[in-house]
Structures are given as C-alpha cells and as structure tokens.
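Report on the following structure.
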Amino acid sequence: MGLVKYRDALELQAKLVECRRQGSISDTLLSLQHPPTFTVGKRRTVHNIVSSPEVLESIGAEVHYTERGGDVTFHGPGQAILYPIISLREAKLGARRYVEGLEDTMIKLCALHKIKAKGRMTKETGVWVENRKIGAIGVRISGGGIASHGLAFNINPDLNFYTHIIPCGIPDKEVTSLHKESFLQLPDEDPVTQQLIKCFIEVFGYEDVTWKTT
C-alpha cells in the first residue's frame with residue numbers, strides 16, 4: 001500500500017476487523033509503511049518517550065495511542081509493516097502461537113540474508129540479532145478472536161529516531177536493521193518486503209493467495 005498515515009491505517013484495520021468478524025472477507029494481510037510515527041500500546045507507557053512534544057514535532061514525527069499489546073515503538077520509512085487481519089479461531093491459533101509465528105516470519109527473512117536471528121525471548125517479544133532488536137511485534141485480538149496490528153521489520157530505517165524513545169521499554173538493548181547487520185549486497189526495500197510477505201505465507205500455511213496493489 002506504500003506510505004500510509006498511521007490514523008488512516010487504524011481506521012482501515014477497524015473496518016477490516018469487522019468485515020472479518022462478519023465473514024464478508026477472508027484473512028487479509030496489509031503491507032505498508034508509515035511516515036515517522038511513535039506509537040504507545042494499551043499499557044500507556046508514555047514515559048518511555050524521552051523527548052518532548054516540541055522535539056518530536058521538530059523532527060516531523062507524530063505520536064499515536066493504540067490498543068495493541070507491547071510498549072512504545074517507532075514506525076517510519078525503510079521499515080516493512082505487516083498488519084494481518086486474521087481469524088485466530090478459524091486458524092486454530094492461540095495468541096502465543098500466533099505471536100511466535102510472527103517471530104518466525106521475521107527470523108525466516110533474516111535467514112534468507114544470512115543473518116542469524118532469534119525470538120522466544122523471555123519478556124522480550126520480537127526478533128533479535130544477538131542483543132539488537134530488528135523486528136517488533138504488537139498485536140490486538142478483538143472480540144471473535146480477530147487479530148489486527150502485527151509486526152514491524154527494520155529493513156533500512158533512520159535509526160536515529162529510536163533515540164527519542166526507550167524502544168519497547170528495554171533501556172539496555174540496541175535497535176538494528178537488515179542493512180546494518182548484513183554483509184551482503186541487499187536489494188531495494190520492495191523486494192525485501194515481498195520476501196517478508198512470502199515468509200508470512202509459508203509460516204502460516206496459506207494457499208490460493210490473491211495479491212492486490214493500492
């Protein structure tokens with residue numbers, strides 16, 4: 001979908017969640033990027049935003065409060081975002097297994113680029129290269145077991161934005177990106193995003209996938 005304002009993406013997800021609950025659509029995956037945006041999860045850990053509103057405004061970043069799980073994170077250009085709108089009941093997935101599948105999606109992508117990544121970290125959801133976070137996860141499960149929000153994988157964002165927050169509320173860990181970790185010549189963002197989508201499809205076992213571009 002290209003670059004989409006965060007509020008517009010929230011509204012679209014809400015509509016699709018209701019459609020999925022009613023059964024008028026099948027499982028749907030949104031692939032997009034956001035302009036510079038800091039988001040706060042449902043625990044409202046706004047104290048992990050360490051810069052003032054004036055500073056954030058000066059760097060062109062918005063702040064949004066959401067009902068997803070997880071802590072404070074950053075979204076911006078150079079970061080691949082997948083928002084799956086999925087019926088976990090129909091997929092016979094529990095919340096933990098679903099989150100692990102999102103981790104496996106990003107781990108699989110890293111492996112394609114010869115990067116050893118890991119998930120299943122105690123109290124530290126997401127995907128890591130040693131002690132550096134390369135992919136974040138924040139999920140909301142609505143009534144009827146419909147999942148929304150999802151994952152954010154750093155391909156090549158401006159990592160300086162992370163200095164304005166304590167990413168995911170973890171003060172002693174760094175944030176990294178595919179470009180920073182790889183010793184290979186990497187393709188542009190779009191092919192890497194396509195790889196990420198294909199990894200998601202493989203991890204969750206989808207068939208007969210229809211691709212649409214907006």
Between [X] and [Y], is any pair of side-chain heavy atoms under 4.5 Å apart?
X	Y	value
Ile49	Leu56	yes
Lys133	Glu174	no
Tyr83	Met1	no
Val50	Ile166	yes
Leu82	Leu29	yes
Pro84	Phe200	yes
Ile81	Gln33	no
Pro36	Ile59	no

To the nearest 0.5 Å, tell me how far [X] [atom1] sits from [Y] [atom2].
X	Y	atom1	atom2	result
Gln195	Phe153	CD	CZ	9.5 Å
Asn156	Lys180	CG	NZ	11.0 Å
Ile141	Arg89	CD1	CZ	10.5 Å
Leu102	Ile86	CG	CD1	7.5 Å
Leu196	Ser31	CG	OG	7.5 Å
Cys199	Leu112	SG	CG	4.5 Å

Donor-acceptor pair, side chain of [X] and main chain of [Y], under 3.5 angstrom:
X	Y	answer
Asp27	Ser87	yes
Thr163	Phe161	no
Arg21	Ile146	no
His64	Thr39	no
Thr45	Asn48	no
Gln13	Ile85	no
Ser182	His179	no
Gln79	Asn154	no

Considering all heavy atoms, the nearest [X]-[Y] contact:
X	Y	answer
Arg140	Arg68	CB-CA, 4.1 Å
Ile155	Ser177	O-CB, 3.6 Å
Thr125	Trp128	O-NE1, 4.3 Å
Leu3	Pro35	CD1-N, 3.5 Å

- Message: Check this for me, if you would: do Arg20 and Glu90 make a salt bridge, where the nitrogen-to-carboxylate-oxygen distance has to be below 4.0 angstrom?
- Response: yes
- SB check Arg120 Asp104 (cutoff 4.0 Å): yes
Membership question, hydrophobic clusters at under 4.5 Å side-chain separation (ILVMFWY): are [Y] and [X] in the same one?
X	Y	answer
Tyr6	Phe38	no
Val209	Leu16	no
Leu159	Val55	no
Leu151	Ile115	yes

Greater than 12 external heavy atoms within 6.0 Å of [X]'s [atom1]:
X	atom1	answer
Lys198	NZ	no
Asp190	CG	no
Glu57	CD	no

- Task: Using the side chain to side chain contact (heavy atoms under 4.5 Å, CB included) rule, take Arg97 and Val99 through it: C-alpha gap first, then chi angles, then the decisive distance, then the call.
- Result: CA-CA 5 Å; Arg97 176 66 192 93; Val99 169; over 6 Å; no
- Do Glu181 and Thr176 have a side chain donor and acceptor closer than 3.5 Å? yes
- Query: What's the verdict on side chain to side chain contact (heavy atoms under 4.5 Å, CB included) for Lys5 and Arg7, showing C-alpha distance, side-chain angles and the deciding distance?
  - Reply: CA-CA 6 Å; Lys5 290 183 178 180; Arg7 188 175 301 280; 5.5 Å; no
- Apply side chain to side chain contact (heavy atoms under 4.5 Å, CB included) to the pair Phe74 and His164, showing each step before the final yes or no. CA-CA 9 Å; Phe74 168 75; His164 299 280; over 6 Å; no
- Message: Below 30° counts as parallel, above 60° as perpendicular, anything between as tilted: where do the rings of Phe204 and Tyr98 land?
- Response: tilted
- Give me the ring orientation class for His75 and His34: parallel if the planes are under 30° apart, tilted from 30 to 60°, perpendicular past 60°. tilted
- Partner of Val4 under side-chain contact (heavy atoms from CB on, under 4.5 Å), chosen from Leu12, Leu10, Leu32, Leu30: Leu32
- Take Glu67 and Arg44 through the test salt bridge (Lys or Arg N to Asp or Glu O under 4.0 Å) and record every step on the way to the result. CA-CA 9 Å; Glu67 295 305 313; Arg44 297 295 186 261; 2.8 Å; yes
- Message: What verdict does the side chain to side chain contact (heavy atoms under 4.5 Å, CB included) test give for Asn160 and Tyr162, after you've listed the backbone C-alpha separation in whole Å, the side-chain angles of each residue and the deciding distance to 0.1 Å?
- Response: CA-CA 5 Å; Asn160 289 322; Tyr162 285 96; over 6 Å; no
